[in-house]
Number of protein chains: 2
Amino acid sequence: MAMGRPRSFDTDKALDEAMEVFWRHGYDGASLAMLTKAMGIKPPSLYAAFGSKEGLLKAALDRYAERRSEHMRYVLAGASAREVAERYLGSIAESHTDPANPPGCLLVQGGLACGAGSENIPFELASRRALTETELRERFVQAKRDGDLGDDADPAALARFLSTVASGMGVLASSGADRDALREVAHVSLSAFPGQEANRIPLP
Amino acid sequence: MAMGRPRSFDTDKALDEAMEVFWRHGYDGASLAMLTKAMGIKPPSLYAAFGSKEGLLKAALDRYAERRSEHMRYVLAGASAREVAERYLGSIAESHTDPANPPGCLLVQGGLACGAGSENIPFELASRRALTETELRERFVQAKRDGDLGDDADPAALARFLSTVASGMGVLASSGADRDALREVAHVSLSAFPGQEANRIPLP
DNA sequence: AGACTTATCTACCACTCGATACAAAAGTTG
DNA sequence: CAACTTTTGTATCGAGTGGTAGATAAGTCT
């Protein structure tokens, strides 16, 4: 048989460009014209490679998750629950204000609300956000087993709290807040976290 | 002179319906077809009354702010900074899961990202969110003058923290979290707030 | 080389978008 | 009633939407 004409663009590079467009404009706000221009390809190539606009988003989300997985590995490798929380919010403050990316978080920015034909996109994004919360919760359950978290600590509540603060930081960053502002929020948030009660009130 | 034909619909009622559509679908996701159907009027009436889709959003935001102003008056009337924070996050947990409204917060849900011709909508929403943060900050400055907040407390940081958590709760609620989940987040968040250190770790 | 398979390009589809022109309708004022 | 002013409904505007048909180009296989 024959292999056919090879693809003339780099799928991952194109996905990175698409990711940025979705990140900056949201799912509904990202038009095919924007996407194809940024990706440097024409609509038929896009549809041949990703099936649909929604398929393209999912592929971009997969790539986003892949990118952040090493970050999360570092976060979860923290020695204590407290250190995990510090690393988590700290890395969020950095990544959400990284000038190499649009501000904020793709999973928040991509679309909390959508138009008529895209009602399932918000669910898709929410389920991806939930994955990180689950990782944190399981890490805190482990910490509790290790005696690193007190018996009265609630891993699910702590994970949900951190995840919620992270979403809030995404909203904050998307409206132009700078890195120091996010670090400040992270710092105050950590006061709610068990361990190292000493530096509760003072701020940097 | 002559007075002209009177308007056949109630402007405020129509605004309430428009608000709900923007709330549920965001600015870009809310089409004129949805809006006019929900408002029970035809496009020319909408444009005569509000000028443009963006004008309609601003009018709806004004009405939203008006609605919440009594809430904020109650919140800011808390006896201590701590009580203000409790009232603030508590009322957010309630209002963001009020079945009478779409879940979450219009100012978050309405649009963090927008398409080509609507780049200023996110700014508009962000500036409205900032108003609440300012109210909180000024209340905390007052609390500090009153000696109700310690000298080492940072009113701006605390207000920003609360505002960020509130945005995060909006994201959480919009993805289907129930009222108890938001209350839990509020409870944990308050552990980061000065005063009443006793109940830091235990959760309901 | 020639058959075969797949990607790419041009052009276009039906549809929806936000916004309006126009004329009929509904009221107030003289 | 008649003159005037404003709103309302119908019908539609041009632009842009996501998505595709069909022909051509670019490779690999025998």
Side-chain angles (χ1 to χ4, degrees), chain A residues 1-15 17-19 21-22 24-60 110-111 113-122 124, chain B residues 1-15 17-19 21-22 24-60 110-111 113-122 124:
Chain A
M1 60 171 131
M3 287 283 278
R5 176 173 175 174
R7 194 163 276 156
S8 66
F9 63 94
D10 182 323
T11 308
D12 285 342
K13 277 284 176 197
L15 268 183
E17 299 297 333
M19 187 196 305
V21 175
F22 282 130
R24 202 175 294 279
H25 297 282
Y27 179 77
D28 272 5
S31 69
L32 282 187
M34 286 181 191
L35 289 164
T36 53
K37 182 177 176 184
M39 299 167 81
I41 63 177
K42 310 286 176 183
S45 299
L46 193 160
Y47 279 83
F50 305 105
S52 65
K53 189 185 176 186
E54 186 170 338
L56 175 62
L57 174 72
K58 289 183 180 172
C114 276
S118 330
E119 287 90 351
N120 47 329
I121 271 64
E124 179 71 28
Chain B
M1 58 173 137
M3 287 284 276
R5 175 172 175 176
R7 191 164 278 156
S8 67
F9 63 95
D10 182 324
T11 308
D12 285 342
K13 277 284 175 197
L15 268 183
E17 300 296 334
M19 186 195 306
V21 175
F22 282 130
R24 202 175 293 280
H25 296 282
Y27 180 78
D28 272 6
S31 68
L32 281 187
M34 287 180 191
L35 290 164
T36 53
K37 181 177 177 185
M39 299 167 82
I41 63 177
K42 310 286 176 182
S45 300
L46 193 159
Y47 279 83
F50 305 105
S52 65
K53 188 184 175 186
E54 186 170 338
L56 175 62
L57 174 72
K58 288 183 180 172
C114 277
S118 330
E119 286 91 352
N120 46 330
I121 271 65
E124 179 72 28

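Below, chains carry the letters A, B, ... as their sequence lines are ordered, and counting in each starts from 1. The basis for the numbers below is simple: all heavy atoms, side chains too, and nothing from hydrogens, waters or symmetry mates.
Of all the heavy atoms in E119(B) and P122(B), the pair that sits closest is O-CD, 3.3 Å. Between A113(A) and G26(B) the shortest heavy-atom distance is CB-N, 3.5 Å. Closest approach of S118(A) and C114(A) over heavy atoms only: O-CB, 3.4 Å.
Here NZ of K13(B) is found 12.5 Å from OG1 of T11(B). Values are rounded to the nearest 0.5 Å. Atoms CE and CG, from M19(A) and L35(A) in turn, are 12.5 Å apart once rounded to the nearest 0.5 Å.
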Protein heavy-atom contacts under 4.0 Å, written 5' to 3' over nucleotides 9-19 of chain C as B (base), S (sugar-phosphate only) or - (none), form the string BB------SBB
Enumerate the protein-to-nucleotides 23-25 of chain C contacts in which both atoms are nitrogen or oxygen and the separation is below 3.5 Å.
residue	atom	partner	partner atom	Å
dA25(C)	N3	R5(B)	NH1	3.1

Please output the side-chain donor-acceptor pairs of residues 38-53 of chain A that fall under 3.5 Å, not counting sequence neighbours, one pair per line with the distance.
residue	atom	partner	partner atom	Å
S52(A)	OG	E54(A)	N	3.4
S52(A)	OG	G55(A)	N	3.0
K53(A)	NZ	Y27(A)	O	2.8
K53(A)	NZ	A30(A)	O	2.7

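Across all strands, F9(B) comes closer than 4.0 Å only to sugar-phosphate atoms, never to a base (heavy-atom distances).
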Verdict with supporting geometry, L56(A) and L15(A), side chain to side chain contact (heavy atoms under 4.5 Å, CB included) | CA-CA 8 Å; L56(A) 175 62; L15(A) 268 183; 3.8 Å; yes
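Using modelled atom types, no side-chain atom of D28(B) and backbone atom of D28(A) make a donor-acceptor pair closer than 3.5 Å.
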